Amino acid sequence: MNENGKIGDSSKKIKVWDWPTRLFHWLLVLVVSGAWISSFRESWLMEHVWFGHAVIGLLVFRIVWGWIGNGFARFREFVTGPQIVWEYAKLRLSNEAPRVLGHNPLAAWMMVALLLVLLGITLTGAVTLAGEEWIGPLTQYFSLSEGRFAKSIHVWLSYALLSLITLHILAAVIDSVSHRENLIKAMISGFKRDTLENNDDAKNLVPNNKVQSWFLSGFVLAAFALTVGISLDYKSPVTQAALTEARLSRASPEHQLYMSECGSCHFGFHPSLLPHRSWVKMMSSLENHFGEDAWLDPETTAEITVYLGKNDAEHFQSEASFNLLVNVPEDEIPMRITEMTYFRSKHEDISQNTFMRKSVRSVLNCGACHAYAEFGSFEDAHIRIPE
Ligand code: HEC
Ligand code: HEC
């Protein structure tokens with residue numbers, strides 16, 4: 001290892017970070033900040049998804065670049081075994097760590113950790129989006145509960161990421177001070193101070209392969225274009241319709257029976273909107289159903305009761321079912337979703353005229369404004385009040 005802090009000819013510079021690596025670094029800063037900020041509001045979900053895609057694009061690039069890229073950017077040039085990391089960490093604690101041109105052994109593992117955590121965040125994000133919000137190409141494959149589970153991991157990994165980023169910035173600042181070299185500037189210009197202690201090995205790593213750089217820049221742009229394309233497509237009615245179709249074709253026969261029997265006079269309300277006791281009471285008095293006769297033969301009644309029991313508010317937990325029931329006392333048996341406090345609070349700002357529109361007709365027509373109401377999703381991203 002080299003001597004600490006030895007300053008050679010301070011006017012001489014050495015290229016350490018090639019431009020694809022620098023571009024990756026600063027785009028990642030931008031895009032992760034965007035993802036973080038857009039997570040503050042639920043209505044920014046689609047922007048959040050966009051940033052998530054951009055992160056995936058950048059990760060793919062960086063992983064490929066880590067194999068075929070220029071010297072200092074290659075994983076095998078900087079990721080070292082535990083022995084070296086340990087030695088370096090000890091030197092560092094005693095403030096004797098040498099200056100390293102590329103990533104130092106600890107920083108190398110920070111890079112790996114950052115990449116892995118980001119990968120985990122984007123993957124769990126995609127599963128959350130599919131399971132919970134029913135958006136995106138994975139929509140058909142994940143259930144609500146899988147989506148919710150993925151979301152909890154997504155959130156914890158995000159905290160882990162914030163801690164790692166804080167550590168990373170702290171370390172960069174500490175190194176900058178102790179080696180009297182602005183590392184942040186180096187990540188912008190690509191150059192570091194060339195000193196006598198830089199051995200020949202290091203010099204061999206200096207990026208020089210123009211062809212690779214150009215090839216990869218094309219790759220970055222293509223990845224970006226692709227991710228933008230995908231996330232814009234999520235919003236298109238065609239994609240939405242295709243996803244709904246996919247979901248519908250998976251709908252169980254019990255669901256179809258329910259929708260045809262209980263969705264004939266009004267919209268088929270999702271079972272999760274009422275608790276078990278409400279459905280039991282309603283199913284046992286169908287001949288007097290809100291002043292109508294909704295009688296069904298005992299066999300169908302039994303089948304629908306089973307379906308309701310499997311998907312009621314106690315079993316199919318969603319944000320909506322939780323919020324609807326949270327204020328209802330145990331001994332009360334609510335019969336109308338539309339009279340529950342949460343429902344009212346969410347719809348009181350919508351004018352009567354809106355509900356009277358031909359495209360809506362009634363507040364009971366949940367599906368007019370909630371694209372996936374039939375499947376129990378009332379997420380903000382899917383609300384669209386029709387003209
Ligand atoms: C013959 C027509 C008809 C059939 C069939 C029918 N309903 Fe209804 N349902 C009504 C009417 C009418 C109302 C009251 C609507 C209103 O207040 O405007 C109602 C209201 C409801 C409500 C309360 C909605 C609210 O205000 O929150 C629920 C829940 C409900 N029905 C469930 C069912 C279920 C479950 C089935 C199938 C077993 C079913 N309905 C079948 C006519 C019907
Ligand atoms: C005219 C359009 C319209 C109709 C019809 C409608 N809603 Fe809504 N609903 C909205 C809007 C808009 C919001 C968002 C309100 C807000 O966030 O302030 C909303 C919010 C909700 C929420 C809360 C979503 C959340 O973020 O947790 C639930 C649950 C809900 N609606 C259920 C229903 C059900 C059930 C029906 C049918 C009985 C229904 N809605 C009918 C427009 C409608």
Side-chain angles (χ1 to χ4, degrees), residues 41-45 132-135 144 148 254-313 316-328 332-387:
R41 276 206 195 165
E42 235 173 278
S43 59
W44 292 341
L45 180 70
E132 226 182 26
E133 316 277 346
W134 303 355
I135 302 176
L144 185 82
R148 295 181 81 78
E254 297 84 31
H255 176 83
Q256 280 159 1
L257 177 72
Y258 174 73
M259 288 308 283
S260 68
E261 296 295 348
C262 301
S264 53
C265 297
H266 46 66
F267 186 79
F269 309 115
H270 194 269
S272 65
L273 298 168
L274 285 172
H276 188 68
R277 54 188 187 278
S278 304
W279 293 121
V280 170
K281 184 169 171 194
M282 198 176 295
M283 292 310 287
S284 57
S285 54
L286 281 178
E287 53 298 337
N288 186 7
H289 179 76
F290 300 91
E292 292 268 336
D293 184 358
W295 185 88
L296 291 171
D297 63 79
E299 210 173 290
T300 313
T301 306
E303 254 181 88
I304 289 179
T305 308
V306 169
Y307 168 73
L308 290 168
K310 277 190 200 156
N311 297 282
D312 56 31
F316 183 102
Q317 279 161 359
S318 67
E319 234 172 335
S321 66
F322 177 84
N323 287 325
L324 278 168
L325 282 189
V326 75
N327 305 315
V328 182
E332 215 169 88
I333 308 183
M335 298 307 277
R336 278 184 183 272
I337 305 152
T338 50
E339 280 176 5
M340 296 168 90
T341 319
Y342 181 67
F343 182 92
R344 289 182 168 221
S345 72
K346 283 286 176 179
H347 299 85
E348 65 192 0
D349 291 341
I350 303 171
S351 77
Q352 280 308 311
N353 285 341
T354 308
F355 288 121
M356 304 287 269
R357 282 180 197 165
K358 255 212 199 113
S359 51
V360 181
R361 292 190 318 274
S362 152
V363 64
L364 291 185
N365 197 10
C366 323
C369 307
H370 300 280
Y372 296 106
E374 179 183 344
F375 300 102
S377 173
F378 296 89
E379 293 300 331
D380 287 340
H382 294 140
I383 301 177
R384 205 169 296 140
I385 299 181
E387 294 299 313

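Predicted, not measured: the structure shown is a model, and the values here were computed from it. Every number for a ligand or one of its atoms is a count from 1 in the order of the listing.
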Check whether any N or O atom of D293, backbone or side chain, sits under 3.5 Å from an N or O atom of ligand 1, and answer yes or no. no
How far is atom 29 (C) of ligand 2 from its nearest protein heavy atom, and which residue and atom is that? A320 CB, 3.5 Å
Between the main-chain N or O of D297 and the side-chain N or O of T301, is there a donor-acceptor pair closer than 3.5 Å? yes
Can you tell me which residue and heavy atom of the protein come closest to atom 26 (O) of ligand 2, and the distance to 0.1 Å? D380 OD1, 3.3 Å
Could you see which bit of M282 sits under 4.0 Å from ligand 1, with heavy atoms only: side chain, backbone, both or neither? side chain
Which atoms of ligand 2 sit under 4.0 Å from any heavy atom of C369? 1 (C), 2 (C), 3 (C), 4 (C), 5 (C), 42 (C), 43 (C)
Under 4.0 angstrom from ligand 1, any heavy atom of E339? no
Give the numbers and elements of all ligand 2 atoms closer than 4.0 Å to a heavy atom of F355. 1 (C), 4 (C), 5 (C)
Run the side-chain hydrogen bond (donor to acceptor under 3.5 Å, both in side chains) check on N288 and S285 step by step: do they pass? CA-CA 6 Å; N288 186 7; S285 54; over 6 Å; no
Looking at ligand 2, does any of its N/O atoms fall within less than 3.5 Å of an N/O of H347? yes
In the protein, which heavy atom is nearest to atom 35 (C) of ligand 2, and how far is it? L273 CD1, 3.5 Å
Is any N or O atom of T338, backbone or side chain, closer than 3.5 Å to an N or O atom of ligand 2? no
Under 4.0 Å, heavy atoms only, figure out whether ligand 2 is touched by the backbone of F267, its side chain, both or neither. neither
Side chain, backbone, both or neither: S362 near ligand 1, heavy atoms under 4.0 Å: neither
Any N/O/S atom, side chain or main chain, of H289 closer to atom 8 (Fe) of ligand 1 than 2.8 Å? yes
Region of E292 engaging ligand 1 - heavy atom pairs below 4.0 Å: side chain
Could you list the atoms of ligand 2 found under 4.0 angstrom from a heavy atom of N365? 5 (C)
Answer yes or no for Y342: is there a heavy-atom contact with ligand 2 below 4.0 Å? yes
Backbone or side chain, does C265 get an N/O/S atom under 2.8 Å to atom 8 (Fe) of ligand 1? no
Looking only at protein heavy atoms, which one is nearest to atom 12 (C) of ligand 2, and what is the separation? I383 CG2, 3.6 Å
Classify the angle between the aromatic ring planes of W279 and Y258 as parallel (below 30°), tilted (30 to 60°) or perpendicular (above 60°). perpendicular
Proximal candidate to atom 34 (C) of ligand 2 [heavy atom criterion; set F269, F322, F343]: F343
Between R384 (side chain) and A371 (backbone), is there a donor-acceptor pair under 3.5 Å? no
Return a yes/no value for I337: is any of its N or O atoms, backbone included, closer than 3.5 angstrom to an N or O of ligand 1? yes
Indicate yes or no for a side-chain donor-acceptor contact from H347 to the backbone of F343 under 3.5 Å, with no hydrogens or angles considered. yes
E261-ligand 1 polar pair, N/O distance under 3.5 Å: no
Under 4.0 Å from a heavy atom of S264: which atoms of ligand 1 are those, numbered in the order shown and with their elements? 5 (C)
Counting non-hydrogen protein atoms only, what is the nearest one to atom 42 (C) of ligand 2? Give residue, atom name and distance. I350 CD1, 3.5 Å
Near L364 (heavy-atom distance under 4.0 Å), the atoms of ligand 1 are 15 (C), 16 (C), 18 (O), 24 (C), 25 (C), 26 (O)
Note: ligand 1 atoms sitting under 4.0 Å from heavy atoms of A294 are 4 (C), 5 (C), 6 (C)
Output the list of atoms in ligand 2 that are nearer than 4.0 Å to some heavy atom of V363, sorted by atom number. 5 (C), 37 (C), 38 (C), 41 (C)
Identify which one of M335, R336, K281, M340 satisfies the side-chain contact (heavy atoms from CB on, under 4.5 Å) criterion when paired with L274. M340
